[in-house]
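Here the structure comes first, spelled out in structure tokens, and everything after it is commentary.
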Amino acid sequence: MYDGHMKGGETYMITKKILLPVLAVGIMGAGLMSVSQVQAQANTNSFSSLVETLANKFNLDKSQVQSVFDEHKVQMQQEHQQKMENRLTQAVKEGKLTDAQKQAVLNKLAEFKKTFNADAFKNMTPQQKKEAMQKQHNELKEWAQSQGIDPSYLMPMFGMRHFGWFKHS
């Protein structure tokens, strides 16, 4: 029968050490879902300080906390990729895209992801960042239009629709 006391207090400490960081990561994960891919890549280093803060605050191994963040990031990327593919598949079913256009969009997004360099934004002023992103936006829009593809099919990956880009005209 439970007498209101935990033996040695260790169970409580272990639970506290595990539960609080997991809750913190879960809350952050919900917030991260709304962050665009570009912003998430550009802010990777800011999370290293959060990892360190959580590890220090809860007396955890920093590498284990980083591992949780890394696993979460991979999981979110996989979920996002699947949502993108589902959206494009639906567009093909509805006759809005051809299979070839769907594959072209997936290839272009993979190419962009591979060549995107978040470090290039670190030393830019806000105006320079805005101009660089606008340039990327224009290049993607021109590419999509040259392929006969509505540019909005490229944007969910980057969250640029949030910034008012690629509105239907």
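Throughout, numbering of the chain's residues begins at 1 and tracks the sequence.
Residues Lys141 and Pro151 come closest through the heavy atom pair CG-CG, 3.9 Å. Val92 and Asp99 make their closest contact through CG1-OD1, 3.4 Å (heavy atoms, listed as atom of the first residue, atom of the second, distance). Annotation for Gln136 and Phe121: closest pair OE1-CZ, 4.1 Å, computed over non-hydrogen atoms. Taking both residues in full, the closest heavy atoms of Tyr153 and Val105 are given as O-CG1, 3.9 Å, listed atom of the first, atom of the second, then distance. For the pair Gly148 and Gln101, the tightest heavy-atom approach, listed with the atom from each and the gap, is O-NE2, 3.0 Å. The shortest heavy-atom contact between Ile149 and Ala104 is CD1-CB, 4.5 Å.
For the salt bridge (charged side-chain N to carboxylate O under 4.0 Å, His left out) test, no residue two or more places apart in sequence or in another chain qualifies with Lys114. With sequence neighbours left out, the side chain to side chain donor-acceptor pair (under 3.5 Å) criterion links Asp70 to Gln66. The salt bridge (charged side-chain N to carboxylate O under 4.0 Å, His left out) test applied to Lys96 returns Glu94, not counting sequence neighbours. Qualifying side chain to side chain donor-acceptor pair (under 3.5 Å) partners for Lys57, counting only residues two or more places apart in sequence or in other chains: none. For Thr53, there are no side chain to side chain donor-acceptor pair (under 3.5 Å) partners two or more places apart in sequence or in a different chain. Looking at residues two or more places apart in sequence or on another chain, you find no side chain to side chain donor-acceptor pair (under 3.5 Å) involving Asn123.
Between the CG atom in Leu54 and the CG atom in Asn59 there is a gap of 12.5 Å [rounded to 0.5 Å]. Rounded to the nearest 0.5 Å, atoms CD (Glu85) and CG (Leu109) are 10.0 Å apart. Expressed to the nearest 0.5 Å, how far CZ of Phe112 lies from CG of Leu154 amounts to 10.0 Å. Put simply, CD on Glu142 and NE2 on His137 are 9.0 Å apart, with the number rounded to the nearest 0.5 Å. If you take CE on Met124 and CE on Met133, they are separated by 10.5 Å, rounding to the nearest 0.5 Å. In this structure, the separation between OG1 on Thr89 and CD on Gln82 is 8.0 Å, given to the nearest 0.5 Å.
When each of His80, His72, Gln78 is paired with Met76, the side-chain contact (heavy atoms from CB on, under 4.5 Å) condition holds for His72 and for no other. If you run side-chain hydrogen bond (donor to acceptor under 3.5 Å, both in side chains) between Gln75 and each of Glu71, Lys73, Glu79, only Glu79 comes through.
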Output, in order, the C-alpha distance, side-chain angles, deciding distance and verdict of side chain to side chain contact (heavy atoms under 4.5 Å, CB included) for Val65 and Phe58.
CA-CA 10 Å; Val65 176; Phe58 299 108; over 6 Å; no
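No hydrogens or angles considered: nothing links the side chains of Gln81 and Gln77 as a donor-acceptor pair under 3.5 Å. No side-chain donor-acceptor contact under 3.5 Å links Gln90 and Asn86. Between the side chains of Asn107 and Gln103, at least one donor N or O lies within less than 3.5 Å of an accepting N or O.
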